[in-house]
S.K.: 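Once you've had a glance at the structure underneath, I'll fire off some questions.
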Amino acid sequence: MFQAPRGTADHLPEEQKYWRYIESKAMDVAARFGFGRIDTPAFEDSNLFIRSVGEGTDIVEKEMYTFDDRGGDSVTLRPEGTAPVCRAYLEHGMHNLPQPVRMYYFCPVFRYERPQAGRFRQHHQFGVEVLGDADPSVDAEVIEVAWDLMTSLGLNEINLLINSVGDPQCRPAYVAKLKEYYSRHQAVLCDDCKSRLDRNPLRLLDCKVEACHALGNDAPQSAENLCEDCSEHWAKLISYLDKMQLPYQIDHRLVRGLDYYTRTVFEVQPVEGGGQSTICGGGRYDGLITELGGRETPGIGFATGLERLTLNLKRSEVSVPDEPSPKFLVANVGDDARIAALDLSVRLRRAGVGTILSSGTRGLRGQMRQANALNIPFTLILGDDEIEKGEVVVRNMESSEQESKSLEDFIAEASKSYGNGS
RNA sequence: GCGAGCGUAGCCAAGAGGCCUAAGGCGCCUGUCUGUGGCACAGGAGAUCACGGGUUCGAAUCCCGUCGCUCGCCCCA
């Protein structure tokens, strides 16, 4: 038997209401903030990600689905959504559009990782990007988009964490300071952190091992070590967020794994959550477009994982509307009735009325059982008697009341109440 | 890449060397009710007990290996 590849999942019909719910809320929010949708290819030139995400990152080092296509070009299944959007911005000369350009996307993303709760090799993200405006009010606005989405989804037990990681002006000095601080305490560091000291000093801050974590309390904080420009940007952002009354928390341990982030970074995390509980993460990336060969263009965005959102919707028992289901099931008994049933269901569906045609192979009883099991509100019954009189029996499955109606009257009535025009 | 746990029908699951031609429940199908659902009752279909090897007179059950799933670490949505 074949199985879905490790780390991938089928999203069965019964799951779809969560997806539809998230997508419709996300699209509402995006529209409200003036974002336009963009869809980019599932794979790109491998160098796009190597250049943007960063050569030393885990994503590039060990998580990319990279292969040579038949023409010999190295392509990579998109491991994140920002770089392709930036590529598209450049490719289509979007700097000629009114700035900033606001775009959102839904797409699958691929990373070769060990799957576990809330982590997959293929998952789906909704993300937004604002390109071409460096003002901190844009940061505040993007954070508002994220928060607006979370709250409109009905997620409550969540925290909004923000930080500033500086820019190429001030970060090297900060990282050096951090390294110096942790080096002094090297003896108590866990093994992972000892290697982080060289590899990725910022990550020392969010180590969960108690001894390391405690050290983080007194570690130098990046927001305290910004250059003048970054510092001013940070102060303005804070004041805007205050003005907007967004319930942010400054978390000086918040760092993000991709190289391209500058200045503002933020995440949304559930209050209760395990290792990979972050449901939304993003930040500013003012150097990315130049890295990709464009002229200097600031950018900021975030992404959320639909699987993790779904997990949280279920966990916090948010009630999600059911998928629309058909109003009628057409039951039929006998060969003539089957043809009449076929005709009736075609006419109803062409009028925009959701209708299931029973194949009639089961006997009336079985067909009604099916209507019941499928939660169809009305069963329509056609047999020899009805055909002779040009009628149809309409049974209300909830009240168990039923009546014969003229076929033509019924179709007109149903079209009016449940069809396109209703 | 490292560490841990678990694999018995579509799902949940009993079972701890012979009573297993594998219990029970959900779901599915059929009938009681030959043109009327939900409830009830009766019946039915559906399992090479993950796979391979070993121990034993005898293995779903013990041992080894493989594969798969889950959870954790790294890292991330």
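Note that the structure is predicted; figures quoted are calculated from it, not measured. So that the names make sense, note that chain A is the first sequence line, chain B the second, and so on, each numbered from 1.
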S.K.: Can you check the distance between B/A45 and B/U30, where both ends of the measurement are the P atom (answer in whole Å)?
M.R.: 15 Å

S.K.: What's the gap between B/A60 and B/U21 when it is taken at their P atoms, as a whole Å value?
M.R.: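 That atom pair is separated by 9 Å.
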
S.K.: Considering every strand and a 4.0 Å limit on heavy-atom distances, what is the contact class for A/Q402: base, sugar-phosphate, or nothing?
M.R.: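 Base, at least one base atom sits under 4.0 Å.
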
S.K.: For a quick check of understanding: with a heavy-atom distance under 4.0 Å over all strands, which category does A/I381 fall into, base, sugar-phosphate or nothing?
M.R.: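 Base, at least one base heavy atom under 4.0 Å.
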
S.K.: How would you label the contact of A/R121 with the nucleic acid (heavy atoms, under 4.0 Å): base, sugar-phosphate, or nothing?
M.R.: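 No contact.
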
S.K.: Using a heavy-atom cut-off of under 4.0 Å over every strand shown, decide if A/A303 touches base, sugar-phosphate, or nothing.
M.R.: sugar-phosphate

S.K.: Determine which nucleotide pairs with B/U61, using a 3.5 Å limit on both distances of a Watson-Crick or G-U wobble pair.
M.R.: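 Partner of B/U61: none.
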
S.K.: What is the pairing partner of B/C69, taking Watson-Crick or G-U wobble pairs with both distances under 3.5 Å in any strand?
M.R.: B/G5

S.K.: When the distance from CD of A/E267 to P of B/A77 is rounded to whole Å, what number comes out?
M.R.: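 In whole Å, B/A77 P and A/E267 CD are 7 Å from each other.
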
S.K.: Over all strands shown, is A/R111 touching base, sugar-phosphate only, or nothing at heavy-atom distances under 4.0 angstrom?
M.R.: base

S.K.: Give me the distance, rounded to whole Å, that separates B/A9 from B/C26 when you measure between the C1' atoms they each carry.
M.R.: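 Between the two C1' atoms, the distance is 12 Å.
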
S.K.: Of all of residues 27-44 of chain A, which get a heavy atom below 4.0 angstrom from RNA chain B, listed by number?
M.R.: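 By residue number: none to list.
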
S.K.: What's the CD-P distance between A/E386 and B/U36, to the nearest Å?
M.R.: 12 Å

S.K.: What about A/Y260 and A/Y285, are their ring centers closer than 6.0 Å?
M.R.: yes

S.K.: Can the ring centres of A/Y104 and A/F33 be said to be less than 6.0 Å apart?
M.R.: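 Ring centres of A/F33 and A/Y104 not closer than 6.0 Å.
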
S.K.: Cationic tip of A/K62 within the cone over A/Y112's six-membered ring, i.e. under 6.0 Å and within 45° of the normal?
M.R.: no

S.K.: What distance, rounded to whole Å, do you find between the two P atoms, one in B/G53 and one in B/A16?
M.R.: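 The answer is 25 Å between these two P atoms.
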
S.K.: May I have the list of side-chain donor-acceptor pairs in residues 357-372 of chain A shorter than 3.5 Å, sequence neighbours left out?
M.R.:
from, atom 1, to, atom 2, distance (Å)
A/S358, OG, A/G360, N, 3.1
A/S358, OG, A/Q367, OE1, 2.9
A/S359, OG, A/T361, N, 3.4
A/S359, OG, A/T361, OG1, 2.9
A/Q367, OE1, A/N332, N, 2.9
A/Q367, NE2, A/N332, O, 2.9
A/Q367, NE2, A/G363, O, 3.4

S.K.: Describe the nucleic acid contact of A/F126 in one word from base, sugar-phosphate, nothing, applying a heavy-atom distance below 4.0 Å.
M.R.: nothing

S.K.: In this structure, how many angstroms lie between the C1' atom of B/A77 and the CD atom of A/Q116, rounded?
M.R.: 13 Å

S.K.: Between A/L306 and A/Q125, what is the shortest heavy-atom contact and its length?
M.R.: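 What the structure gives for the nearest pair is CD2-C, 4.4 Å.
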
S.K.: Write down the distance between CD (A/Q3) and C1' (B/G68), rounded to a whole number of angstrom.
M.R.: 6 Å

S.K.: Between the protein and nucleotides 37-44 of chain B, which nitrogen or oxygen pairs are less than 3.5 angstrom apart?
M.R.:
from, atom 1, to, atom 2, distance (Å)
B/G37, OP1, A/R365, NH1, 2.7
B/G37, N7, A/R395, NH2, 2.9
B/G37, O6, A/R395, NH2, 3.1
B/G37, O6, A/S400, OG, 2.1
B/G37, N1, A/M397, O, 2.2
B/G37, N2, A/N372, OD1, 2.8
B/G37, N2, A/M397, O, 2.6
B/G37, N3, A/N372, OD1, 3.1
B/G38, O4', A/N372, ND2, 2.9
B/G38, O6, A/S400, OG, 2.5
B/G38, N1, A/S400, OG, 3.4
B/G38, N2, A/M397, O, 3.3

S.K.: Is any side-chain N of the basic residue among A/D198 and A/R196 closer than 4.0 Å to the acidic one's carboxylate O?
M.R.: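 Salt bridge absent between A/D198 and A/R196.
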
S.K.: Salt-bridge test for A/R284 and A/D167: reply yes if a basic N is under 4.0 Å from a carboxylate O, no otherwise.
M.R.: no

S.K.: For B/C49, what is the paired nucleotide under Watson-Crick or G-U wobble rules, both distances under 3.5 Å?
M.R.: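 Result: none.
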
S.K.: Which of these nucleotides, B/C2, B/G68, B/U36, is closest to any side-chain atom of A/R6?
M.R.: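 The answer is B/G68, which lies nearest to the side chain.
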
S.K.: Look at all strands and tell whether A/G383 reaches a base, only sugar-phosphate, or nothing, counting heavy atoms closer than 4.0 Å.
M.R.: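 Answer is base: heavy atoms of A/G383 come under 4.0 Å of a base.
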
S.K.: Does A/D206 pair with A/R253 as a salt bridge, N-O distance under 4.0 Å?
M.R.: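 Salt bridge between A/D206 and A/R253, a charged N being under 4.0 Å from a carboxylate O: no.
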
S.K.: Could you identify the nucleotide paired to B/C28, looking across every strand shown and requiring Watson-Crick or G-U wobble geometry with both distances under 3.5 Å?
M.R.: B/G44

S.K.: Check the side chains of A/Q269 and A/S277 for a donor-acceptor pair under 3.5 angstrom, ignoring hydrogens and angles.
M.R.: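 No.
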
S.K.: Both A/D206 and A/R114 contact RNA chain B. Taking the nearest nucleotide for each, which residue is further toward the 5' end?
M.R.: A/R114

S.K.: Rounded to the nearest angstrom, tell me the gap between atom CD in A/E388 and atom P in B/G35.
M.R.: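 A/E388 atom CD is separated from B/G35 atom P by 18 Å.
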
S.K.: Is the cationic atom of A/R78 (NZ for Lys, CZ for Arg) positioned less than 6.0 Å from the six-membered ring centroid of A/F49 and within 45 degrees of its normal?
M.R.: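 No, A/R78 and A/F49 do not form such a contact.
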
S.K.: May I have the distance from A/L364 (atom CG) to B/U30 (atom P), rounded to whole angstrom?
M.R.: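 Answer to the nearest Å: 13 Å.
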
S.K.: Write down the distance separating the P atoms in B/U55 and B/U61, rounded off to the nearest Å.
M.R.: 15 Å

S.K.: From the list B/C71, B/A77, B/C29, which nucleotide is the closest neighbour of the side chain of A/T278?
M.R.: B/A77

S.K.: Taking atom C1' in both B/U8 and B/A59, compute the distance separating them and give it to the nearest angstrom.
M.R.: 14 Å

S.K.: Which one is paired to B/U34, where only Watson-Crick or G-U wobble pairs with both distances under 3.5 angstrom count?
M.R.: none

S.K.: Once rounded to the nearest 0.5 Å, what's the spacing between atom CG of A/N225 and atom SG of A/C170?
M.R.: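 Nearest 0.5 Å value for the CG-SG distance: 8.5 Å.
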
S.K.: Please report, rounded to the nearest Å, how far the C1' atom of B/C67 is from the CZ atom of A/F2.
M.R.: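 My rounded result for the distance is 15 Å.
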
S.K.: Which whole number of Å gives the distance between the C1' atom of B/U66 and that of B/C29?
M.R.: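 B/U66 and B/C29 have their C1' atoms separated by 38 Å.
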
S.K.: If we ignore hydrogens and angles and just use 3.5 Å, is the side chain of A/Y21 paired with the main-chain N or O of A/L153 as donor and acceptor?
M.R.: yes

S.K.: In whole angstrom, what separates A/I387's CD1 from B/G35's C1'?
M.R.: 13 Å

S.K.: When the C1' atoms of B/G35 and B/G10 are considered, how many whole Å apart are they?
M.R.: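 Between the two C1' atoms, the distance is 32 Å.
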
S.K.: Return whichever of A/R362 or A/V393 has its heavy-atom-nearest nucleotide of RNA chain B closer to the 5' end.
M.R.: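 Closest to the 5' end, via its nearest nucleotide, is A/R362.
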
